Amino acid sequence: MQRYSVLSLARNAIRHHEGWQQAWRSPDLKSEYDVVVIGGGGHGLATAYYLAKEHGITNVAVVEAGWIGGGNTGRNTTVIRSNYLFPQSAKFYDFSLNLFEDLSQELNFNVMLRQAGMLTLLHSRHDVEVMRRNLNSMHMNGIEADWIDTSEVSRLAPGLNCGADAHYPIQGAILQKRGGVARHDGVAWGYARAADALGVDIIQQCAVTGFDIKNGQVQGVQTTRGTIKAKKVAIAVAGHSSVLADMAGFRLPVTSLALQACVSEPLKPVFDVTIMSPTTGVYISQSDKGEMVMGGMLDMYPSYAQRGNIGTLEHIIAGIVELFPNLSRVKLMRQWAGIVDIVHDSSPIIGHTPVEGLYINCGFGTGGFKATPAGGWTLAYTVAHDKPHKLNEAFTLKRFETGEFIDEMGAAGISH
Amino acid sequence: MMKITCPWCGVRGEEEFTHGGPSHLARPVVGDNPMGDVSDADWADYLFMRDNVKGVSLERWGHIQGCGQWFNMARDSVTHEIHAVYKMGEQPPEGWRS
């Protein structure tokens with residue numbers, strides 16, 4: 001792998017930038033691999049990278065139906081945080097945040113992490129009571145977060161209507177300083193490039209059409225580009241998890257719904273924190289390019305169409321204008337949707353499936369991007385050792401049978 | 001935006017309606033006793049596991065911001081095209097049975 005550095009930039013500038021290598025190869029598909037990872041999004045690519053890096057398993061293919069990072073990895077709003085309620089989630093998401101903090105160095109690829117803070121706005125006495133409790137819970141789980149008052153909120157978020165006349169007056173906020181944003185494409189590309197350098201084959205335009213399963217044990221996958229033999233297969237396909245599970249003959253507690261986001265035209269820098277308002281059901285950040293990046297709740301019916309409908313978009317905009325009246329005349333530039341995998345307790349499923357040798361990472365729902373490094377890391381561990389790591393041992397498919405739910409609806413109910 | 005035909009009120013915009021999960025889920029029963037000893041696996045399958053169909057799926061919808069009545073729909077989850085609307089307790093029309 002050609003390393004990126006100031007020196008390599010200078011050297012290539014002198015050569016008119018004609019000496020850059022491709023960031024990853026486009027290899028021919030082999031007929032057999034040790035592990036096939038289905039899904040070339042952030043989680044799938046991270047899984048392949050950690051399989052090679054942490055476990056020395058380099059004979060790995062990542063098969064992707066479209067192009068890498070073209071699903072939810074390229075459609076999310078890039079928010080990173082770990083302000084969850086329960087110990088299992090707090091440990092998992094904080095581990096992810098830790099990996100994010102070193103990711104640019106680890107991958108030798110700038111993922112443009114900006115830890116300017118994650119602000120959760122509280123609009124009523126009841127919000128305050130609930131979030132004070134959540135804050136205590138975060139502290140008990142070792143997650144650093146602070147209570148801040150309205151004047152501090154106003155300082156961090158200029159333009160936010162903090163007046164007493166606001167329809168939803170702001171009573172304070174919870175600030176997680178380590179929260180922030182990262183470049184979503186950069187995360188996918190960085191993992192792809194680093195995995196490729198360790199020998200992983202990234203196969204794009206290769207859709208899985210079925211599994212070869214014998215005596216309950218996976219033997220390989222059938223794809224649009226032929227059959228691949230593999231003793232271990234890992235699925236990381238978010239909204240399409242049920243479709244893949246159906247091919248393998250089991251069902252998941254997953255419902256696929258469209259989650260929308262939109263961006264405004266670029267503006268001069270206004271604020272650098274990410275602001276979430278559970279009461280109005282919206283959140284907003286400003287990208288490095290100056291666009292206001294906005295999102296809200298799900299379109300509340302099952303969908304595999306990667307577009308949202310106008311009613312939900314109106315709700316998002318209404319909430320944003322309520323918080324930031326001075327954005328009311330800013331034009332929207334783009335709107336889109338991704339298909340997210342919603343489960344009943346808003347916690348992921350990472351681990352074994354009913355088919356031996358077949359593993360899955362799904363159920364992240366509206367919040368998968370922040371979990372990309374940890375999702376890949378724990379899935380890789382589970383595939384390599386055929387048992388979950390401590391970080392993901394609670395996030396089993398079995399919990400729907402045993403009732404050991406990790407109900408993060410209260411902490412993570414809002415989309416992000 | 002979908003236009004949904006409520007069996008009682010006629011065509012209305014989708015915002016008047018609420019999706020209520022898949023239709024025709026049969027509660028597991030062991031023997032004649034409705035409180036019978038259903039296994040955890042069967043119970044989990046009924047409560048949580050979903051077909052989550054990519055394509056035509058049979059769903060319950062409620063006209064919650066209208067007449068308040070519930071009904072069934074055969075709807076394509078990719079195109080959002082509505083193929084059939086039928087009342088609660090009825091089986092899906094020919095051609096849309098799974």
Side-chain angles (χ1 to χ4, degrees), chain A residues 65 207 237-247 249-258 297-315 318 337 339-347 349 353-354 362-363 365 396-405 407, chain B residues 1-6 11-26 28 37-66 70-83 85 96 98:
Chain A
V237 297
H240 276 71
S241 297
S242 300
V243 178
L244 270 292
D246 185 50
M247 289 177 194
F250 62 95
R251 299 202 299 169
L252 292 167
V254 167
T255 304
S256 297
L257 294 98
M297 304 305 271
L298 293 154
D299 286 21
M300 286 310 294
Y301 52 86
S303 175
Y304 283 88
Q306 285 176 317
R307 52 172 196 271
N309 82 59
I310 200 80
T312 306
L313 184 62
E314 277 178 351
H315 282 295
I339 301 306
V340 298
D341 41 349
I342 301 295
V343 296
H344 300 78
D345 62 353
S346 307
S347 286
I349 299 161
T353 70
C362 71
T396 60
L397 185 53
K398 205 79 179 162
R399 73 177 186 270
F400 293 88
E401 212 175 298
T402 60
E404 292 165 293
F405 296 109
D407 189 357
Chain B
M1 176 75 80
M2 294 185 290
K3 283 183 179 172
I4 297 174
T5 306
C6 169
V11 180
R12 301 291 179 93
E14 71 171 60
E15 284 180 300
E16 293 186 16
F17 297 85
T18 300
H19 169 80
S23 300
H24 312 297
L25 295 187
D37 197 11
V38 175
S39 72
D40 287 348
D42 287 346
W43 192 235
D45 196 61
Y46 165 65
L47 282 181
F48 302 119
M49 298 301 157
R50 296 288 174 257
D51 289 338
N52 193 25
V53 179
K54 185 180 185 182
V56 177
S57 86
L58 306 175
E59 305 170 338
R60 297 182 303 179
W61 284 76
H63 194 188
I64 299 307
Q65 306 297 324
W70 286 87
F71 55 92
N72 293 306
M73 244 163 51
R75 187 183 66 98
D76 193 305
S77 62
V78 181
T79 63
H80 294 185
E81 189 181 352
I82 297 163
H83 294 289
V85 172
W96 304 117
S98 49

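Bear in mind the structure is a predicted one, so any value in this text is a computation, not a measurement. In what follows, chains carry the letters A, B, and so on, assigned in the order in which the sequence lines appear, proteins first and then strands, with residues in each chain numbered from 1.
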### Residues Asn52(B) and Ser256(A): side-chain donor-acceptor under 3.5 angstrom
yes
Would you say that [X] contacts [Y] through its side chain, given a criterion of any heavy-atom pair below 4.5 Å between the two side chains?
X         : Y         : result
Asp40(B)  : Lys398(A) : no
Arg50(B)  : Pro253(A) : no
Tyr301(A) : Met2(B)   : yes

### Minimal non-hydrogen separation, Pro302(A) against Ser77(B), with atom names
O-CB, 4.4 Å
#### Entry: Minimal non-hydrogen separation, Arg307(A) against Thr79(B), with atom names
NH2-O, 3.6 Å
Top of [options] for chain A proximity - count of heavy-atom pairs under 4.5 angstrom:
options                                : answer
Ala41(B), Ser39(B), Pro22(B), Gly21(B) : Ala41(B)
Thr18(B), Val53(B), Asp76(B)           : Val53(B)
Gly55(B), Gly20(B), Gly13(B), Ala44(B) : Ala44(B)

Quick one: [atom1] on [X] to [atom2] on [Y], what's the gap to the nearest 0.5 Å?
X         : Y         : atom1 : atom2 : value
Asp299(A) : His19(B)  : CG    : NE2   : 12.5 Å
Met1(B)   : Thr312(A) : CE    : OG1   : 8.5 Å
Phe48(B)  : Arg399(A) : CZ    : CZ    : 10.0 Å
His344(A) : Leu47(B)  : NE2   : CG    : 8.0 Å
Met300(A) : Glu15(B)  : CE    : CD    : 14.0 Å

### Query
Heavy-atom distance under 4.5 Å to chain A: side chain of Asp45(B), backbone, both or neither?
both
### Query
chain A heavy atoms under 4.5 Å from Ser57(B): which part of the residue, side chain, backbone, both or neither?
neither
### Message
For Val243(A), which atoms come within 4.5 Å of any heavy atom of chain B: side chain, backbone, both, or neither?
### Response
side chain
### Message
Please classify the contact of Leu252(A) with chain B as side chain, backbone, both or neither, using a heavy-atom distance under 4.5 Å.
### Response
backbone
